[in-house]
Amino acid sequence: MSALGRHIIVEFYDCNPEILNDVVHIQNSMEEAAEEASATIINSTFHHFSPYGVSGVVVIQESHLAIHTWPEFGYASVDLFTCGETVNPWVSYNYLKKAFEAAHGSAVELRRGEMALLTHKDFDINQMRDEKSSEEGGPMRTKNVWFTERNDNIALSLKHDGKLYEQESEFQKVEVYKTFAYGNMLTLDGMVMTTEKDEYVYHEMISHVPMQTHPDPKRVLIIGGGDGGTAREILKYEQLEEVVMVEIDEKVVEASKEFLPSIAASFDHPKLNLKIEDGIKYVNEAADESFDIVLVDSTDPVGPGEGLFTAEFYTQVHRILKKDGIMVTQSESPRFNEKVFVEIYDCYRGIFGKENVHCYLVHIPTYPTGMWSFSYSAKGDCSPKQVQEKAQALLPSFDLNYYNPEIHQAAFVLPNFVQKMIQPKS
Ligand code: SPD
């Protein structure tokens, strides 16, 4: 042996972009490529970056395999580094070329640690052994796969144990991950929508704030909300006559029913009228003053959710609200989506009036920055903090995890930086 290791630096071109954006597929392929070459895997860490790209490393007893992908160019750069005589990195190269469906690949091999240039240092090797691994008869294999949602400067990562659902619908990519910390998690186009463990914050706060302040709600419209969590909360109020929910993407409902059953718990409720259609079209065609409360449980303002963030749409929502109607929308994060957050409040004030639009904040650990906002806009004079006694009396029977009368009041108290961001322009 004339060198300690062999390092192959690989370029794979014209690969399948879908594969290069699939963190689970990449991780499996990299591990299989290591095994195929008879390497012993110790650990692996892989991250998906929203919207595109995967980075990862498989640490092997004989060194490592590393990758970064650019799905938008069908390109992957890969490092295959092995030490000793037992593992042939070219076996991994051939395996990965097929696994990524690369049209062509190129590679250069470097010899690392030329023996002719090395001198052996004397030390007691037994003293340097890690006690735990010698007790267990070898290294333990672990794995780390991460989902990451990010903008240019901020990221949120959750470690997961693979994907339970993955469909490219007509509108967006619908996925459910099995996360370690937050249970099953629904994502749309790589953005976190809800998780089993903290969903109640969002769903209780979008629902109970307006339901507790409206004097006598009978008809509620939910735009979006395909996971079913908002409907579940709203349907706790037995005085309602009808809850219409308009979700554009039936795959969201399908995935949620199968993998988020505690959230999608009320789809069979007799008062729920579920429509799979475009929420914008539904609102445009709905009769004047036909709803007491409209909840916009939308995605972020990209993809199918984009049209829900326009003055035209909210003007229509205002039209279909009864005289004392209330609109509540998810209004993004003051820190993660600063521009759109500010625009939302400007836009609503133009439609509902300066005094009638209010912001309230919640803590959602699985949304980037953890700080999320809702808007409360009143067509009449339903004050956001004036809770109805009759509605409040129902709360103990609802078994809520986040909402309570004190949280309701406190949520409208805004930190100075948020007040400044959205103070009405005079
Ligand atoms: N980035 C998350 C924006 C909120 C999306 N809506 C969540 C749907 C929960 N029903």
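Indexing begins at 1, ligand by ligand and atom by atom, following the structure's order. By convention here, the first residue in the shown sequence is residue 1.
- Asp227 pairs in a side-chain hydrogen bond (donor to acceptor under 3.5 Å, both in side chains) with only one of the listed residues (Arg232, Lys257, His203), which is His203.
- Every atom of ligand 1 is numbered from 1 in the order shown, and the set under 4.0 Å from a heavy atom of His203 is 9 (C), 10 (N).
- Considering backbone and side-chain atoms together, Thr299 places no N or O closer than 3.5 Å to any N or O of ligand 1.
- Which parts of ligand 1 touch Asp297 is read off a 4.0 Å heavy-atom cut-off, strictly below it: atoms 6 (N), 7 (C), 8 (C), 9 (C), 10 (N).
- Contact atoms of ligand 1 toward Val192: 1 (N), 2 (C) (distance under 4.0 Å to a heavy atom of the residue).
- Stacking of Arg112 on the aromatic ring of Phe81 is recorded, both the 6.0 Å distance cut-off and the 45° axial limit being met.
- Considering only non-hydrogen protein atoms, atom 10 (N) of ligand 1 sits nearest to Asp227 OD2, 2.5 Å.
- Contact between Met193 and ligand 1 is present, with at least one heavy atom of the residue lying under 4.0 Å from the ligand.
- Between the side chains of Asp189 and Gln172, no donor-acceptor pair of N or O atoms lies under 3.5 Å.
- Residue Glu332 has no N or O atom closer than 3.5 Å to an N or O atom of ligand 1.
- Among all protein heavy atoms, the one lying closest to atom 7 (C) of ligand 1 is Tyr367 OH, 3.2 Å.
- Checked by distance only, ligand 1 and Asp300 come closer than 3.5 Å through their nitrogen or oxygen atoms.
- Contacts with ligand 1 closer than 4.0 Å are made by backbone heavy atoms (N, CA, C, O) of Ser298 only, the side chain lying farther away.
- Considering backbone and side-chain atoms together, Trp372 places no N or O closer than 3.5 Å to any N or O of ligand 1.
- Comment: Lys323 engages Glu289 in a salt bridge, judged by a side-chain N to carboxylate O separation of less than 4.0 angstrom.
- Checking Glu332 against Ser373 by side-chain atom types alone, no donor-acceptor pair falls below 3.5 Å.
- Side-chain contact annotation: Thr329 with Ser375, donor-acceptor N/O pair under 3.5 Å present.
- Using cut-offs of 30° and 60° for the angle between ring planes, the His208 and Tyr403 rings count as tilted.
- Tyr200 and Glu233 share no donor-acceptor pair across their side chains, judged by distance under 3.5 Å alone.
- On a distance-only criterion, Glu149 and ligand 1 share no N/O pair closer than 3.5 Å.
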